[in-house]
Structure formats: structure tokens, C-alpha cells
Amino acid sequence: MKQILTTKRLILRKLTPGDYDALCVMLRDKDVMYAYEHAFSAEEARGWLNRQLDRYKTDGFGLWAVILRKNGRLIGQCGITKQDVGGKTVREVGYIFDKNFWHRGYAAEAAAACKNYAFDVLGESEVYSIIRVGNEASVKVAPANGMKPVGQIIKHYYGMDMPHIVYMAAKV
């Protein structure tokens, strides 16, 4: 599979249908999916994967598989998606990682590469991260990626109102 991005420790590539089992390790884990308030069902995980595959076709980007260079293991997802912020469609850097790989700097490393991709390849002048209030690990990644809080929004998901902080980085 063609690499989209590489960093010192990571390879980012498009997800494939064959990545379903590895994705389920993350998406079906309640600890990993705490910002979504529930672990995904098998059907929700399949839908998540299919949305990424559709995004590649329609947008040319989406969440990509994050692979460890040293052993080829899929440890997470990181990429760029279109998101609504107050009626404006923005490009968001988002990520989800297998909890066995938290607190090692992988999210920050992958997110920085995706931010640069948005600026350098997609020609974006601004990139966002939309982080649920209380998601302290992601709140640490955004400033490390040169992002500053610029507002708040409420997302409605799974029958709940979920406050999110909107972070933004502008191309310099």
C-alpha cells in the first residue's frame, strides 16, 4: 500500500478493508473510545472503516492507518477530515490510537505530519482539531502541534450534547 506520509517512527497510509480487525482493537475498546461515550459495535466499526474509504474517493484524504516503521504494526489512525464548525467546513486533524501505544508521542508525531500535509499538499491556510472537553491527552497534543484554542462547539452524538474545544493552527 502506498505511503501517504512518513515520520521518524511512523508510516501513514490509506486504510484498507483488511485493516478491519486492527481497527476493531481500537474502536471496540471503551477506554479508547471514551470521547464517544461507548465502544463501537462490529457494525459501527465497519461503518467507520467504510466512511474512511469513501472519504479517500470523495475528498482525497481521510483518517489514515498509522503504522510503526520498526515492525509494520497498525497502532492507530490519524489524518484529515472535513468537519463542521459553526456552519463552516474546516479541515481537521484527528487521531485515535490503540491504548497500548498511548503516552509515547505517536499522536503528536502523526498529527504534526498531517498538519503539514494539509498546509503543503492540500494548500490549506488553516487546520483545526476539535477536542471533546475532558480529553486531556488530546488537549496536550493540540498545543504541541502549534494549535491554539479559538472557540467551543457542541456536538450531538449518541443522544448527548458533547462540548468540544476548537483548536486552530494557521500556516505561517
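Keep in mind the model is a prediction, meaning the values are calculated, not measured.
- Salt-bridge annotation for Arg51 and Glu44: absent, with no side-chain N of the basic residue lying under 4.0 Å from a carboxylate O of the acidic one.
- Separating the OG atom in Ser129 from the CG atom in Asn135 is a distance of 10.5 Å, to the nearest 0.5 Å.
- In terms of the side chain to side chain donor-acceptor pair (under 3.5 Å) criterion, residue partners of Asp19 (sequence neighbours excluded) are, by chain and number, Arg13, Thr16.
- In terms of the side chain to side chain donor-acceptor pair (under 3.5 Å) criterion, Gln152 has no residue partners (sequence neighbours excluded).
- With ring centers used as reference points, Tyr36 lies 6.0 Å or more from His38.
- Using a 4.0 Å cut-off between charged side-chain N and carboxylate O, Lys171 and Glu124 make no salt bridge.
- Annotation: side chain of Phe61 is not in contact with side chain of Ile4 (no heavy-atom distance under 4.5 Å).
- Taking the six-membered ring where the residue is Trp, Trp102 and Tyr34 present perpendicular rings, their angle passing 60° and hence far from 30°.
- Side-chain contact between Phe101 and Leu68: present, with at least one pair of heavy atoms (C-beta onward) separated by less than 4.5 Å.
- At a cut-off of 3.5 Å, with distance as the only test, a side-chain donor of Gln83 or Thr81 sits close to an acceptor on the other residue.
- Partners of Tyr128 according to the side chain to side chain donor-acceptor pair (under 3.5 Å) rule, which considers only residues two or more places apart in sequence or in another chain, are Lys88, Glu126.
- A salt bridge links Asp98 to Arg73: one of the charged nitrogens lies within less than 4.0 Å of a carboxylate oxygen.
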- Task: Walk me through it: do Leu5 and Cys114 pass the test side-chain contact (heavy atoms from CB on, under 4.5 Å)?
- Result: CA-CA 8 Å; Leu5 295 167; Cys114 289; 4.0 Å; yes
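- Atoms CG and CG, from Leu10 and Leu12 in turn, are 6.5 Å apart once rounded to the nearest 0.5 Å.
- Taking CD1 from Ile80 and OH from Tyr117, the interatomic distance works out to 6.5 Å, rounded to the nearest 0.5 Å.
- Atom CG of Asn145 is separated from atom NZ of Lys140 by 16.0 Å, given to the nearest 0.5 angstrom.
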